[in-house]
Every structure is written in C-alpha cells, then in structure tokens.
Amino acid sequence: LTLGVAEALGAFLVGWAIDLARAAEIGGYQAQFFAEEWLALLGIGFFLLVARPVLMAINAGLSSLSITPGLAQLSIWRLHLHTLGQSVSYFQDDFAGRISQKELQTANAAATSTNEVLNSITYGLSAVIGAALVLGAASGLLLLLLTLWFAAYVALVARYLPMIRSAARARADTRSALSGRLVDQISHIETVKLFAHTGR
C-alpha cells in the first residue's frame, strides 16, 4: 500500500516540478529558477532518488525474505499434518510422489497468492486511487477515461481468470502425476528392475 502511494506521489511531484519550471518560464525568471525553487527541487529529488528506492527495497525484503518463505514452510507443515490424518487407503490409492508434490505445490501457491495480494493488488489499487486523485484534480475527462479503463480491466480479469485457474489446475495435476510416477519408480527400483525388459 505504501509503495503504491509512493508511486502516485512520485508522479504528482514530477508534475509539480514541471509546473514550477513552467511558472518560471512564464514569469520570466528562468535564470533565478534554481535559486528560487531549490528547496522544493531538493525535496522532490530526495523523494525520487532516496525515499522511493528505500521503500521499494523494504517492500521487496519483506516479501522475499520474511512473508513468502515463512508462509510457505508453515503451509507445507500444516498440509502434511492434514495429509497424515487420512486413511491408509488414501495413500494406497495414489502415488507417494504425487501426494508430496501436491503438498508442495499447494503450499507454494498459497504463499505466492498471499504475496501477490499483499503486493500487486494493494499496490495496484493504491496506484489507481492515487492516479484518480491526481487526474481528477487536473481534468474530469481524464478521470472518466481512467474509470473506463479500470472497468475494462476488471471485466477482462473476470472473463479470463476462470480459464487461467482451470488451466493452472490441470497443469498442476499433470505435473504432480508425473512427479509421483518418477518418485515411486525410483523408490521401488528393485521391482522396476525386476520387470524391466532391458535387464539393466
């Protein structure tokens, strides 16, 4: 959320710097522009060159070093405990590698989706809200265009997200089945070698 606000604020500050330069040109004091507006320019430069990169680094660090790894490990352990509570027939009717792969994929998906919600969705919403405030202050037409674009974007996501979800589910099932076969063949290599036609 903070990073999205910072992006919108950065755009506003760049626009403010352009307005200051334009006012200096109209007022005829281009030569004294830096002497007159040095404090405002220094603040804008500090935000764009120092504060914003620091916020981006903090956000990336929290995501990649704190939230995602810890959540993935916690999800794996809880899913494994849940899986261990199933009946013996549940394990006999499926590949061991497939079960373990599904645990890993589900945990990673939970961690990734949580990270995306915390980062992308909040960042996108805050950036859109900030842009709406800036564009609304500049022109009602620009605000209307932004609203139409956002509505089209939401409609596009709502249209294609179910297809992407079903395709991802099919891909995950296929991948876990392949992994299950590989793991089970390697873990039962004596039986595989016994019935192998190559004799190796």
Side-chain angles (χ1 to χ4, degrees), residues 1-76 104-165 167-168:
L1 181 61
T2 306
L3 192 57
V5 173
E7 288 291 331
L9 183 58
F12 173 77
L13 291 178
V14 170
W16 185 33
I18 294 173
D19 289 342
L20 290 176
R22 179 62 178 161
E25 180 182 358
I26 294 174
Y29 59 94
Q30 297 97 322
Q32 295 84 23
F33 174 69
F34 289 102
E36 294 285 338
E37 306 291 352
W38 68 271
L39 187 59
L41 295 175
L42 182 64
I44 294 171
F46 176 81
F47 178 82
L48 294 176
L49 299 177
V50 178
R52 182 173 170 272
V54 167
L55 288 174
M56 294 176 69
I58 292 173
N59 180 71
L62 287 174
S63 298
S64 60
L65 301 177
S66 176
I67 297 174
T68 304
L71 184 59
Q73 298 303 320
L74 179 64
S75 299
I76 289 173
L104 293 172
Q105 287 181 351
T106 304
N108 288 332
T112 302
S113 61
T114 303
N115 186 45
E116 289 297 321
V117 168
L118 291 175
N119 289 328
S120 301
I121 295 179
T122 55
Y123 170 80
L125 285 177
S126 58
V128 168
I129 292 171
L133 293 175
V134 172
L135 293 177
S139 170
L141 179 60
L142 293 176
L143 180 60
L144 177 62
L145 292 175
L146 178 66
T147 304
L148 293 175
W149 170 84
F150 186 70
Y153 176 77
V154 170
L156 190 67
V157 170
R159 171 72 177 86
Y160 287 103
L161 189 60
M163 289 190 251
I164 295 172
R165 187 183 295 120

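Sequence positions, counted from 1, serve as the residue numbers for this chain.
In this structure, CD in E37 is found 9.0 Å from CG in L39, a value given to the nearest 0.5 Å. Between atom CZ of residue F47 and atom CG of residue L55 there is a gap of 6.5 Å, rounded to the nearest 0.5 Å. Here CG of L148 is found 9.5 Å from CG of L143. Values are rounded to the nearest 0.5 Å. Annotation: the span from W16 atom CH2 to L41 atom CG amounts to 8.5 Å, rounded to 0.5 Å.
Residues L13 and I44 approach most closely at O-CD1, 3.6 Å, considering heavy atoms. Contact between A40 and L20 at its shortest, heavy atoms only, is CB-CD1, 4.0 Å. Nearest heavy atom pair, residue A107 against residue I76, reads CB-CG1, 3.1 Å.
The 12-atom threshold is not exceeded at CZ of F150, counting heavy atoms of other residues, nucleotides or ligands nearer than 6.0 Å.
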